[in-house]
Amino acid sequence: MPLITAVRVADTIAGMRRAREEMCGTVGLVPTMGYLHEGHLSLVRRSRRDNDYTVVSIFVNPTQFGPGEDLSRYPRDISRDLGLLEKLGTDVVFSPPPEDMYYEDASSWIVVEKVTDRLEGAVRPGHFRGVATVVGKLFNIVEPHRAYFGQKDAQQVVVIQKIVADLDFNLEVVVCPTVREPDGLAMSSRNSYLDSEQRRAALVLYHSLQKAQREYSAGVRDAGRIRREMAEILQSEQLAEVDYISVASPLTMEELDTVEDQALVSLAVKIGKTRLIDNIVLGG
Ligand code: PAF
């Protein structure tokens with residue numbers, strides 16, 4: 001059924017390229033997988049401020065989901081998304097089907113080494129290959145001057161900055177702050193999986209990050225101690241199962257012994273079947 005919306009929707013690569021040719025001025029791209037929340041909308045607002053045109057892509061990218069991950073149940077509501085984007089004055093929504101983005105005989109990938117060996121990259125093999133490839137394709141199709149990403153996916157941001165630098169994509173990566181619910185939970189499309197008891201339990205991620213911030217503000221620089229303090233808080237929540245707690249270099253993602261300059265404090269925790277991630281930067 002065709003979608004009735006005032007926002008221009010390009011649902012093929014050719015359609016997106018035609019729309020792009022009509023744009024004379026700067027173009028901002030906000031790549032998303034849809035089911036938009038305030039975090040995405042903050043990126044769209046920022047792009048609208050910075051650029052003459054804003055393109056939002058909505059594409060649930062199959063190649064960044066591993067076997068047994070939530071690709072088939074990933075939340076989708078394109079009509080609602082289009083309504084929100086129309087209100088914000090988005091110029092074009094690029095929403096192709098998977099068969100338009102991935103050709104049957106395709107065998108090329110963007111693989112980022114080293115920074116993907118740890119954290120999300122270690123727990124989700126192949127995830128960043130999928131992210132880097134689809135983002136590289138979006139850059140080639142939309143040809144934006146700027147692309148907008150949330151700090152919530154801190155390692156993803158580093159991966160995208162690497163492909164832009166290493167492969168000479170001619171654009172600026174703009175990183176925007178994590179948007180939180182009033183009680184501190186980082187906004188995520190996956191929060192919609194949580195029932196009310198799990199939603200309460202999910203706050204433990206934010207509480208453990210606040211503990212790390214308090215320790216740092218009190219002068220603690222021992223990364224091991226910060227990890228232990230966070231682990232203690234996370235263990236106090238019965239519904240939480242920790243995947244990792246990390247205090248690492250924000251550039252290389254290597255674990256630190258001592259926080260000398262900046263540190264990326266990040267964690268991944270399962271609440272029931274829902275895997276949530278969050279982070280803060282110390283000394284930022
Ligand atoms: O952050 C996301 O939603 C996705 O990883 C992205 C950048 C849109 C690529 O599919």
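Only a predicted model underlies this, so the values are computations on that prediction, with no experimental measurement involved. Counting starts at 1 for both ligands and their atoms, in listed order. Sequence positions, counted from 1, serve as the residue numbers for this chain.
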Would you sort out whether Arg45 and Glu38 count as a salt bridge (Lys or Arg N to Asp or Glu O under 4.0 Å), showing the intermediate values?
-> CA-CA 10 Å; Arg45 284 192 203 98; Glu38 195 48 45; 2.7 Å; yes
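Any N or O atom pair closer than 3.5 Å counts here, and Gln64 shares at least one such pair with ligand 1. Of the N or O atoms in Gln156, one or more lie within a sub-3.5 Å distance of an N or O in ligand 1.
In summary, Glu143 and Arg20 do not engage in a salt bridge, as defined by a charged side-chain N under 4.0 Å from a carboxylate O. Ion pairing between a basic and an acidic side chain is recognised when a charged N comes within 4.0 Å of a carboxylate O; Lys211 and Glu215 show such pairing.
Contact annotation: for Thr32 versus ligand 1, heavy atoms closer than 4.0 Å belong to the backbone alone.
If you number the atoms of ligand 1 from 1 as listed, the ones under 4.0 Å from a heavy atom of Pro31 come out as 8 (C). Every atom of ligand 1 with a heavy atom of Val134 under 4.0 Å away is listed here by number and element: 9 (C), 10 (O).
Put simply, NZ on Lys114 and OG1 on Thr252 are 10.5 Å apart, with the number rounded to the nearest 0.5 Å.
Remark: the backbone N or O of Met230 is not paired with any side-chain donor or acceptor of Ser208 at under 3.5 angstrom.
With hydrogens left out, the protein atom closest to atom 3 (O) of ligand 1 is Met33 CG, 3.6 Å, a heavy atom.
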